[in-house]
Each structure stands twice: as structure tokens, then as C-alpha cells.
Amino acid sequence: METLRLPASEEHAGLRADAFLALMVEGLSRSAAARLLEEGRVLCDRRPIGKSFRLAGNEILEAVLPEPEPVEAVPQNIPLNVVYEDGDVIVVDKPKGMVVHPAPGHPDGTLVNALLYHCGDSLSGVGGALRPGIVHRIDRETSGLMIAAKNDGAHQALAAQLQDHSLARTYECIAVGGFREDAGTVNAPIGRHRTNRKKMAVTPDGRPAVTHWAVLERLSGHTHLRCRLETGRTHQIRVHLAYLGRPILGDPLYGKALPGLQGQCLHAVALRFVHPGSGETVELHSPLPEEFQKQLKALRIR
């Protein structure tokens with residue numbers, strides 16, 4: 001059992017308890033939150049509360065979470081867009097909406113399930129049973145290039161390149177708002193958000209995070225950017241741009257969802273790495289998704 005202390009702030013005033021729990025606890029759906037409340041697992045002032053309990057904005061809720069059910073990664077015949085593959089590595093173009101590896105709330109249908117079917121036993125074990133081959137991750141609603149290792153030696157070599165920045169990951173996005181400069185760098189540490197466990201935030205005690213950005217095109221009230229990661233923190237580009245007051249278009253967590261658009265306009269367009277076997281530099285590119293291009297076109301004609 002795990003007990004979470006969840007402080008409510010003024011911004012949470014008026015929220016129902018089930019909505020607050022789903023907002024605060026990563027991987028917890030509103031229906032699962034309602035079950036916790038119905039089972040008496042959520043307390044306020046040491047008393048169980050129901051799902052219709054509304055927050056005043058200054059409480060601390062205590063939620064007792066049950067032990068998570070075991071999750072197993074199994075092969076599934078899910079189509080993959082393979083951009084590059086050999087005996088050491090595989091690079092895929094991940095679509096929006098696909099989770100990278102199994103976790104509570106996402107037991108299957110992930111990229112790992114697809115890779116296990118496609119590659120069989122030819123995936124590294126460094127990442128563990130639930131993350132075989134996974135060297136780095138991409139958010140569920142972010143699309144683009146992602147590399148996986150097919151043996152432990154390749155995995156260790158690629159992980160070392162992540163550390164020394166020779167594995168280069170480049171993204172393009174549409175930011176809400178304008179930029180005076182043509183390029184810049186955000187060097188701001190990232191850690192878990194103080195009041196929303198689903199979010200990350202720039203925080204003094206966070207881990208170092210560096211994002212380099214450059215303007216590709218200035219649009220109507222928006223900017224088309226290229227971003228290069230120097231570090232790889234969770235939600236890094238999304239957090240850093242929101243920190244600048246320029247959240248990514250369609251980002252439901254750090255900005256605002258856009259009707260008709262699934263997730264944010266953020267795409268991993270390029271990947272460069274030193275091949276762990278041959279030592280040669282491999283550089284791969286992915287075209288912008290159709291819905292990303294539609295947003296660019298619409299913003300150009302306003």
C-alpha cells in the first residue's frame with residue numbers, strides 16, 4: 001500500500017474529490033479515483049470522504065493506493081513505421097497516441113509490445129522486462145523518431161551517447177505566442193510539479209535541463225520552432241516553453257487543448273547517433289505529420 005498526501009491549493013477550490021485525485025495522481029483515471037473514494041481510501045481531516053466532496057482549496061487529502069496489478073510486456077502484432085533497422089538498432093517513427101512501454105493504466109498496445117512482436121528476442125535487456133530495448137522515451141501525444149537497442153552492447157553505447165550529447169534529438173513544434181530573438185537556450189532545472197503529480201515544472205531542486213531553440217517561421221500569433229535537447233527530462237520541451245510563457249499549441253497539460261487536435265504539435269524530426277557497431281554517424285529524418293502541416297497552413301493564412 002502507498003499513502004499519498006495531496007495538498008489542495010486555491011486553484012483547486014470547487015473541484016470534486018474524484019476530479020482532484022485524477023488530476024493529481026499520475027495514471028489514475030477519474031473512474032478509478034471514484035472507486036478509491038467509494039472504498040473509503042481517501043481521507044480529509046482523518047475522515048473518509050465521498051466522490052462528490054468539493055474542495056475548499058486549503059485541504060490536504062490522504063489517498064491510500066492499492067498495490068498495482070502486475071504488468072507484463074507481451075508481443076502484439078501492432079504496425080510499426082520502421083525508418084532504420086539492422087542487427088544492433090531499430091529506429092521507428094512513433095505515432096501520436098502510442099505509449100512507449102507498459103505501465104499501470106496502459107498494460108498493452110504500447111511501442112514495446114509492438115517491438116517484441118517485430119524483433120522477437122532481439123531486444124536489449126538493460127531497460128528491464130517492461131522496457132526492453134528502450135534507450136529514450138517520447139511522450140504519448142508526441143510523434144516522431146525514437147531509437148531502440150537490439151542487444152545490451154548497443155544499448156550501453158547509445159546510453160553513453162545520451163550522456164555525452166552525441167546522440168542528437170531534434171524536434172519541431174508550434175509555440176503559442178511570438179519570440180523577439182531568432183534563437184535561444186533555456187537552462188532551467190525540471191522536477192515534479194508541487195501540486196500536480198501528472199506535471200513537471202521548472203523548480204530549483206529539479207534535475208538540470210537544457211533546451212536550445214530556433215525560430216523557423218513566425219506565424220499569426222504563433223511561432224514554428226526547432227528545438228534541440230541537450231538533456232532528456234520528462235516533458236522537457238513542453239515544460240521549458242511553458243516556462244517562457246509560450247506553451248506548445250494543443251498541449252492539454254501545459255497550455256490548452258485545441259478542439260480537433262489530438263495532443264500537442266510536437267514532432268521528433270531528426271535523430272543523429274554514432275552507430276554502436278560500425279562507428280559511423282547515422283542521421284535520420286521524419287516529415288511533419290499531416291495535422292501538424294495543416295496547423296501551419298492555417299496559421300499562415302490568418
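Treat the numbers as computed from the prediction; the structure is a model and nothing was measured.
Between L253 and R238, some side-chain heavy-atom pair lies under the 4.5 Å cut-off. Here the side chains of I134 and R137 are in contact, with some heavy-atom distance below 4.5 Å. In this structure the side chain of K297 never reaches within 4.5 angstrom of the side chain of F292, judged on heavy atoms. Between R233 and P208, some side-chain heavy-atom pair lies under the 4.5 Å cut-off. Looking at R169 and F273, their side chains never come closer than 4.5 Å, going by heavy atoms from C-beta outward.
Under the 4.5 Å side-chain heavy-atom criterion for Ile, Leu, Val, Met, Phe, Trp and Tyr, L266 and I147 are members of distinct hydrophobic clusters.
Other residues, nucleotides and ligands contribute at most 12 non-hydrogen atoms within 6.0 Å of the OH atom of Y117. Counting heavy-atom neighbours within 6.0 Å of R207 CZ, excluding the residue itself, gives a total of 12 or less. Applying the 6.0 Å contact sphere to CZ of F53 captures more than 12 heavy atoms from other residues, nucleotides or ligands. Remark: K51 NZ is loosely packed, at most 12 non-hydrogen atoms of other residues, nucleotides or ligands lying under 6.0 Å away. When the shell of 6.0 Å around CZ of R16 is examined, it contains more than 12 heavy atoms from other residues, nucleotides or ligands. Other residues, nucleotides and ligands contribute only 12 or fewer heavy atoms inside 6.0 Å of the CG atom of D45. Heavy atoms from other residues, nucleotides or ligands lying under 6.0 Å from CD of Q163 number 12 at most. The environment of E290 atom CD is sparse: at most 12 non-hydrogen atoms of other residues, nucleotides or ligands sit within 6.0 angstrom.
Between K96 and D139 there is no salt bridge, since none of the side-chain N atoms of the basic residue sits less than 4.0 Å from a carboxylate O of the acidic one. Salt-bridge check for D88 with K150: failed, with every basic side-chain N at 4.0 Å or more from each acidic carboxylate O.
Looking at D164 and S166, their side chains do bring a donor and an acceptor atom within 3.5 Å of each other. Checked by atom type, the side-chain pair T142/Q264 shows a donor-acceptor distance below 3.5 Å. With hydrogens and angles left out, the side-chain atoms of H212 and R226 include no donor and acceptor closer than 3.5 Å. Donor-acceptor pairing under 3.5 Å is lacking for the side chains of T211 and E230. A donor-acceptor contact closer than 3.5 angstrom links the side chains of H267 and S286. Using modelled atom types and a 3.5 Å distance limit, the side chains of N77 and H118 yield no donor-acceptor pair.
For the pair W213 and C227, the tightest heavy-atom approach, listed with the atom from each and the gap, is CB-SG, 4.1 Å. Across every non-hydrogen atom of V25 and K198, the tightest pair is O-CE, 3.3 Å. Scanning both residues, A188 and Y243, for their nearest heavy atoms gives CB-CE2, 4.1 Å. Across every non-hydrogen atom of C119 and E85, the tightest pair is SG-OE2, 4.3 Å. Nearest heavy atoms, L145 versus L284: CD1-O, 3.5 Å.
Of the listed residues (R5, R47, R41), just one forms a salt bridge (Lys or Arg N to Asp or Glu O under 4.0 Å) with E62, and that residue is R5. Tested against Y171 for a side-chain contact (heavy atoms from CB on, under 4.5 Å), the candidates I138, L225, V269 yield a single pass: I138.
Listed by first and then second residue, the salt bridge (Lys or Arg N to Asp or Glu O under 4.0 Å) pairs involving residues 267-282 amount to none (not counting sequence neighbours). Legend: ring pair (Phe, Tyr, Trp, His ring centres under 6.0 Å) pairs involving residues 20-47, not counting sequence neighbours, sorted by first then second residue: H12-F20.
In terms of modelled atom types and a separation under 3.5 Å, the side chain of Q293 and the main chain of L288 share a donor-acceptor contact. Within the 3.5 Å criterion, the main-chain N or O of V89 finds a donor-acceptor partner in the side chain of D86. In terms of modelled atom types and a separation under 3.5 Å, the side chain of T231 and the main chain of V210 share a donor-acceptor contact.
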Assess the residue pair D205 and R192 against the criterion (salt bridge (charged side-chain N to carboxylate O under 4.0 Å, His left out)); give the C-alpha distance rounded to whole Å, side-chain angles, the decisive distance to 0.1 Å, and a yes or no. CA-CA 10 Å; D205 58 353; R192 185 67 60 181; over 6 Å; no
Before you tell me yes or no, could you show the steps for N113 and H101 under side chain to side chain donor-acceptor pair (under 3.5 Å), namely the whole-Å CA-CA distance, both residues' side-chain angles and the distance that decides it to 0.1 Å? CA-CA 7 Å; N113 298 112; H101 58 77; over 6 Å; no
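Between Y254 and H235, the ring centre distance stays below 6.0 Å.
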